[in-house]
Protein chains: 2
Amino acid sequence: MLHVLLHMARHDGPMTSEAIGTMLGTNPVVVRRTLAGLRDAGYVRSDKGHGGGWVIACDLERVSLLDVYRAVGGPRLFAIGNEHSNPDCAIEQLVNAAVDDVLRDAEALLVERLGAVSLADLSKGLDARCAGDPRWQLERVGR
Amino acid sequence: MLHVLLHMARHDGPMTSEAIGTMLGTNPVVVRRTLAGLRDAGYVRSDKGHGGGWVIACDLERVSLLDVYRAVGGPRLFAIGNEHSNPDCAIEQLVNAAVDDVLRDAEALLVERLGAVSLADLSKGLDARCAGDPRWQLERVGR
DNA sequence: CAGTCATGATACATATAAAGTTACATGACT
DNA sequence: AGTCATGTAACTTTATATGTATCATGACTG
């Protein structure tokens, strides 16, 4: 979705779900489902009808990767975690506490780092990277 | 599994897969499947026949939570990651690089922290926590 | 106003992985 | 010989994500 947002930012005029779907090698409905979160957060806007589609609706400077992550969906950052926290077992309490402690710190790091990078940062990085190479100003999507 | 290992360490005599399964609210076969990784790593031993079952086969001091994590199975630490790294799209390259950078650091932190805690540390923590409370010396499993 | 193009939304189908289940073979103890 | 336990394989169930089909709605166009 970051990929999509950056393309969208560099595209004048709306992008349709179908175009994005083709770009991602997926399906327009899936695109709508996923972008719905970003729309609800106010980061993009969608217009119906002729000439409709998806447009950036925010200041890239004020939206971080963390914002996108949260808007798009998963509260689950880790593939591991404590399932059955049985409050009756001291061993489990201790193990969970130890694992939670580590996981909390790692999540804090992720949140901090993802929160520190804005979409504008990425966009600027792209400018720098492609300076003098106008090819990349177009959408080079492929798959 | 950490839960199981600590119980096992405080249990004299082997624990059967069925007992462990009941303790975890799961199935003996699932227990065998999961513990197989720990057995292959040499952290536990399994004996067949009468009086058989699972026993700790390592020095708790020398096995970290990271070791257990790796032996038990999942190379996937994060629920997020880059799927289709399309080498033709500069935007995707940049996004992936940015996300990978953050993920690498977070994973490094996890590895460091999980590697710094041994099973013996947890066991000692349990001793400290339950000092003067002999109830917890028994398996209080429940579910 | 009719036609089309787009999203919104719902319901259903498929794919994948994890967990659970069943069944049987093997080895060990009594 | 009988029982108890693991080892293993095959199958089923469950959960989740993804893909698909369909129709309603709104917006632009001629």
Side-chain angles (χ1 to χ4, degrees), chain A residues 1 3-5 7-8 11-57 69-84 143, chain B residues 1 3-5 7-8 11-57 69-84 143:
Chain A
M1 279 305 127
H3 184 184
V4 171
L5 285 172
H7 270 289
M8 206 182 290
H11 187 86
D12 58 334
M15 296 180 69
T16 69
S17 300
E18 186 166 357
I20 298 173
T22 303
M23 182 172 112
L24 263 51
T26 183
N27 189 291
V29 179
V30 176
V31 172
R32 285 196 271 266
R33 267 205 292 249
T34 311
L35 284 179
L38 294 174
R39 182 193 54 215
D40 295 345
Y43 303 151
V44 297
R45 186 169 48 84
S46 59
D47 290 305
K48 293 183 174 180
H50 227 105
W54 299 88
V55 196
I56 292 285
Y69 173 75
R70 288 185 165 151
V72 90
R76 296 176 183 169
L77 269 169
F78 298 106
I80 59 179
N82 310 320
E83 23 260 57
H84 45 235
R143 174 165 179 80
Chain B
M1 280 305 126
H3 184 185
V4 171
L5 286 172
H7 271 289
M8 206 181 289
H11 187 84
D12 58 334
M15 297 181 70
T16 69
S17 300
E18 186 166 356
I20 298 173
T22 304
M23 181 171 113
L24 262 53
T26 184
N27 190 290
V29 179
V30 177
V31 172
R32 285 184 206 124
R33 266 205 292 247
T34 312
L35 283 180
L38 295 174
R39 183 194 52 215
D40 295 345
Y43 302 152
V44 297
R45 186 167 50 84
S46 60
D47 291 306
K48 292 183 174 180
H50 228 105
W54 299 87
V55 196
I56 292 284
Y69 172 74
R70 287 184 167 153
V72 90
R76 295 176 184 169
L77 270 168
F78 298 105
I80 59 180
N82 310 320
E83 23 261 57
H84 45 236
R143 174 165 175 84

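Below, read A as the first sequence line, B as the second, and so on, with proteins coming before strands; counting in each chain starts at 1. The model shown is predicted, which means the values in this text are computed figures rather than measured ones.
- The stretch residues 35-42 of chain B touches DNA chain D through R39(B), each having a heavy atom within less than 4.0 Å of the strand.
- Closest of all the heavy-atom pairs between W54(B) and A36(B) is CH2-N, 4.3 Å.
- Taking OH from Y43(B) and CG from L35(B), the interatomic distance works out to 13.5 Å, rounded to the nearest 0.5 Å.
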Next on the checklist: So if I define the base as every atom that isn't primed, P, OP1 or OP2, how would nucleotides 20-30 of chain D read as a B/S/- string at a heavy-atom cutoff under 4.0 Å?
Outcome noted: BB---BBBS--

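- Here I20(A) contributes atom CD1 and N27(A) contributes atom CG; the two are 12.5 Å apart, rounded to the nearest 0.5 Å.
- Taking both residues in full, the closest heavy atoms of M8(A) and V44(A) are given as SD-CG1, 3.9 Å, listed atom of the first, atom of the second, then distance.
- A distance of 7.0 Å separates NE2 in H7(B) from CE in M15(B), rounded to the nearest 0.5 Å.
- Shortest non-hydrogen contact noted between G51(A) and P14(A) is O-CG, 3.2 Å.
- In this entry the distance linking CD1 of I20(A) with P of dG19(D) reads 15 Å, nearest Å.
- Here the C1' atom of nucleotide dT18(D) and the CG atom of L24(A) are 13 Å apart, to the nearest Å.
- The distance between atom CD of E18(B) and atom P of dG7(D), rounded to the nearest whole Å, is 15 Å.
- Taking only side-chain nitrogens and oxygens, S17(B) comes nearer than 4.0 Å to OP1 or OP2 of dT6(D).
- Considering only side-chain N and O atoms, S46(A) lies under 4.0 angstrom from the phosphate OP1 or OP2 of dG8(C).
- The line from CE of M1(A) to CG of L38(A) is 7.5 Å long, rounded to the nearest 0.5 Å.
- In this structure dT30(C) sits in a base pair with dA1(D), meeting the Watson-Crick or G-U test at under 3.5 Å.
- Judged as a salt bridge (charged side-chain N to carboxylate O under 4.0 Å, His left out), the pairs with a partner in residues 34-50 of chain B (not counting sequence neighbours) are, in order, R45(B)-D47(B).
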